[in-house]
Amino acid sequence: MKKSRDDYLTLFFISIIGFYILISLAFPMYAILSKSFENKDGDFIGFENYQSYFENSSLVYSIYNSLFVSIVTMVITISLAFVFAYALTKSRMAGKGVFRSIAMIPILVPSLLSGISLIYLFGKQGIFRELLMGYEIYGPIGIIIAEVFYTFPHALLIIVTALSIGDARLYEAAKVLRSKSIRTFFTVTLPSAKYGVISAAFVVFTLVITDFGIPKVIGGNYNVLAVDVYKQVIGQQNFEMGAVVSMVLVFPALIAFAVDRIVQRKQVAILTSRSVVHEPNESKTFDRIMFGYCSVISVLILTILGMCLYASLVTFWPYNLTLSLKNYQFDLMDGGGWDSYYNSIRMASYTAVFGTIAVFAGAYFVEKARSLKTGRSILHLLSMMPMAIPGLVLGLAYIFFFNHPDNPLNFLYGTMAILVICTITHFYTVSHLTALTSLKQIDNEFEHVSSSLKQPFYKTFFRVTVPISLPAIFEIGIYFFVNAMTTVSAVVFLYSSKTTLASVAVLNMDDAGDIAPAAAMGMMIFYTNAAVRIVYVLITKKILVRFQNWRLKTA
Amino acid sequence: MEQYLSVKNVAKYFGKFQALNNINFDVNEGEFVCILGPSGCGKTTLLRVIAGLESQSEGTIQQNNNDISLLPPDQRDFGIVFQSYALFPNLTVKDNISFGLKTRKQNRNEIDSRVDELLKLVGLSDHINKYSAQLSGGEQQRVALARALAPSPGLLLLDEPLSALDAKVRQHLRLEIKNLQKQLGVTTIMVTHDQEEALTMADRIILMNNGVIEQEGSPQDIYSKPTTAFSANFIGTTNLFKAKKISSNSIEIHGSVLECNDNINDDVSTVTIRPEDIKISDSGEGKNILSGTIKELEFLGSNIRGHIEVNFESDKAIVLCNFAAEFIQNKNIQTNASINISLQPHAIKIVKE
């Protein structure tokens with residue numbers, strides 16, 4: 001068939017977005033892979049680096065440590081989150097909205113903030129250190145507690161979704177057949193949530209094994225892979241070994257990613273459009289137990305956050321407990337001062353704006369373009385790749401790729417732009433999936449009608465698709481913003497003295513022993529993200545309703 | 001009438017599956033053609049090929065003497081209404097209808113008057129500022145029709161436009177669309193799986209099955225002169241029998257020799273007899289008389305359909321035949337009663353397997 005103007009435009013935009021992902025992901029990943037086969041002079045030496053890696057027992061022991069904390073965290077988080085999700089979806093307890101909001105708090109703070117909080121709670125001068133009965137918080141115990149806090153909301157979101165698709169008709173059938181509620185749980189609830197639970201487990205596993213903020217802050221001498229990458233690069237300037245450890249780290253992340261994709265595909269198959277939403281029955285005892293459980297979890301989450309808040313306001317822990325804003329005088333400390341905070345705001349805003357545009361446009365072409373089937377499949381595949389790459393590895397790959405003297409994009413190195421590019425790419429896949437889900441709900445025939453009416457696709461895009469998708473677009477923007485504020489791993493290798501960031505400042509101040517200011521900076525990130533969330537809710541409630549009144553049944 | 005659209009030798013493959021096989025037909029200017037067939041017969045694929053939403057693997061399509069085979073949809077001249085209507089939910093009725101008008105550099109007054117004209121045409125003038133969520137299914141359908149007609153396309157394509165509606169609304173809209181089409185004289189192709197819809201609306205029916213055209217003709221012809229067993233069976237209800245040629249005007253069914261009017265070819269294998277063409281013959285008068293037992297009486301409103309176990313020469317077989325409800329009541333006919341029927345010679349139609 002002949003190509004129309006729309007087809008050429010589609011090709012043009014698909015190429016731009018595809019090219020962006022190539023430059024920001026595929027090329028750097030190639031750079032880091034080849035670096036792991038080179039010596040310091042850049043000569044190819046085959047597997048020599050890998051050989052010396054596996055001969056170094058302390059480095060290899062990190063693999064075991066990483067797997068240990070990741071698996072233990074996975075088991076604990078999934079168990080806790082499953083019951084919490086079960087309470088949110090299958091009980092009629094009071095305060096579901098509040099519990100849900102509290103459970104989401106960890107998403108709004110950098111992962112290492114929970115580590116800092118644990119130091120105040122259980123460290124050498126901690127309030128509850130006796131509770132550990134002689135055990136050290138610095139090490140696997142601290143890492144696991146902090147990682148559970150950090151991964152809890154991620155697991156919860158996935159499991160809640162999985163549990164809420166349980167088809168009410170199945171529950172009714174079970175009831176009519178006089179199935180006992182425990183049997184209903186094992187024959188109806190669990191099977192339909194199975195894939196969600198598996199998916200959540202792998203997401204948690206990946207988050208933990210690739211996280212380096214928490215083990216850095218509270219790991220003590222307990223080495224894990226992610227910290228090894230950081231130490232090899234920042235501490236010993238051994239980039240080649242950093243590349244090798246990165247590749248070792250990518251391996252489990254890739255496997256987890258692959259399993260998750262397979263499982264997700266099965267999940268979709270159960271969800272039919274005819275499913276009826278299940279409304280839980282009232283059971284006072286059950287509701288009370290669930291309420292109690294959720295209260296305990298919420299108190300724990302609030303304690304970790306509250307400890308940080310308190311620590312950031314105390315003048316000099318533990319000797320002078322009068323409250324002051326002394327720790328918020330960031331300009332007096334290392335880490336870049338208040339400029340770091342403002343840089344973070346700028347970085348997060350750029351990421352939100354440009355990331356949302358790129359992701360939504362990309363998803364639109366993948367889902368809605370009429371022609372270029374192959375091109376669209378390639379773009380979709382490229383869009384899925386970032387999820388498989390740990391942020392730390394991506395950041396290191398950027399050094400090798402963008403800092404290479406022969407790279408014409410070398411000028412980006414050390415700028416705000418490279419931070420934004422890296423962050424957009426790091427969080428691209430989840431946003432892409434959100435956009436796809438939203439676009440899939442829009443009738444594909446809109447595009448067909450428009451072309452029969454001789455209208456260019458961009459007119460339909462701006463007049464129909466974008467307005468309908470506004471809620472999803474805002475959701476993606478917020479996701480980018482919040483993650484750009486909290487991310488450490490993706491940007492820790494890439495900031496310069498002019499582009500220090502708040503999340504990195506938390507890390508560096510903690511490293512320098514300024515733990516209270518680190519907590520204060522972490523809280524600044526929390527205040528900002530919480531404020532953005534609240535503003536978002538107000539916007540969706542008030543302003544979006546005005547633009548979305550076409551959803552109402554009556555005029 | 002002048003030929004407007006011409007589909008020649010069109011084939012479409014999806015991988016190894018052949019969805020369309022050597023499709024040939026013409027549509028005259030101003031004609032209303034229905035493509036009718038069971039689901040999966042390829043009718044929607046054919047419509048999408050005509051629209052350019054799907055590209056044919058082989059063959060050509062000419063519209064208004066231009067070869068449009070390779071043109072993308074936005075360079076073809078058609079308006080389309082989908083089963084889902086695909087109304088833009090965030091635009092008002094007015095903005096939906098004027099969506100296709102705006103790039104044509106018409107001034108606002110022209111656009112407004114065109115929208116008014118179309119709304120009047122479909123009888124929705126009061127709903128101009130409503131959104132589609134605020135309209136009934138039938139109203140949405142009419143807005144979609146008005147939107148498709150707004151740029152005055154040379155060809156109107158309707159993809160199962162009525163199948164999402166309630167039975168009553170559907171009957172009403174059938175007539176309305178048909179009248180609108182006549183009034184505007186726009187050449188129309190409608191795809192449907194509903195034979196009643198096709199029979200009442202179409203000037204001509206193209207009956208499809210398994211990717212090929214089974215039969216093509218006026219609704220009357222398709223109904224009363226089916227050429228294949230599929231046509232006879234798909235449209236209305238019928239009795240199909242395996243048959244053998246006996247002479248130039250007689251055949252054998254289940255061992256019974258029957259007289260018929262059709263010219264009998266040597267390769268006769270199947271005949272069809274419509275239930276309404278079968279007469280009851282109390283007195284045993286008439287031709288092709290067979291005896292049987294009423295096994296079941298099915299109430300269809302004004303008619304009653306009898307399932308009659310007929311004693312053919314070699315074995316028994318069920319034959320369906322229609323009676324007037326009044327007749328059954330007057331004669332007080334019950335199940336298990338014996339009855340004589342006449343398979344009238346002119347009612348026996350020879351079809352291809």
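Letters A, B, ... are given to chains in the order of the sequence lines, protein chains preceding strands, and every chain is numbered from 1.
The contact between Leu71(B) and chain A is made by backbone and side chain atoms together, counting heavy-atom distances below 4.5 Å. Proximity to chain B involves both the backbone and the side chain of Thr460(A), based on heavy atoms less than 4.5 angstrom apart. For Leu157(B), no part lies under 4.5 angstrom from a heavy atom of chain A. In this structure, chain A has heavy atoms under 4.5 Å from both the backbone and the side chain of Arg147(B).
Below 30°, between 30° and 60°, or above 60°: for Phe427(A) and Tyr479(A) the angle between ring planes is above 60°, a perpendicular geometry. Ring pair Phe82(B)/His448(A) is tilted by interplanar angle, where 30° to 60° counts as tilted. Taking the six-membered ring where tryptophan is involved, the planes of Phe457(A) and Phe365(A) are perpendicular, since the angle between them exceeds 60° and thus also 30°.
Two residues are said to be in side-chain contact when any heavy atoms from C-beta on lie closer than 4.5 Å; Ser469(A) and Ile442(A) meet this criterion.
Look at Glu197(B) and Lys178(B) and you find no salt bridge, because none of the NZ, NE, NH1 or NH2 atoms lies under 4.0 Å from a carboxylate O.
Ranked by heavy-atom pairs under 4.5 Å with chain A, the first of Ala86(B), Ala150(B), Pro153(B) is Ala86(B).
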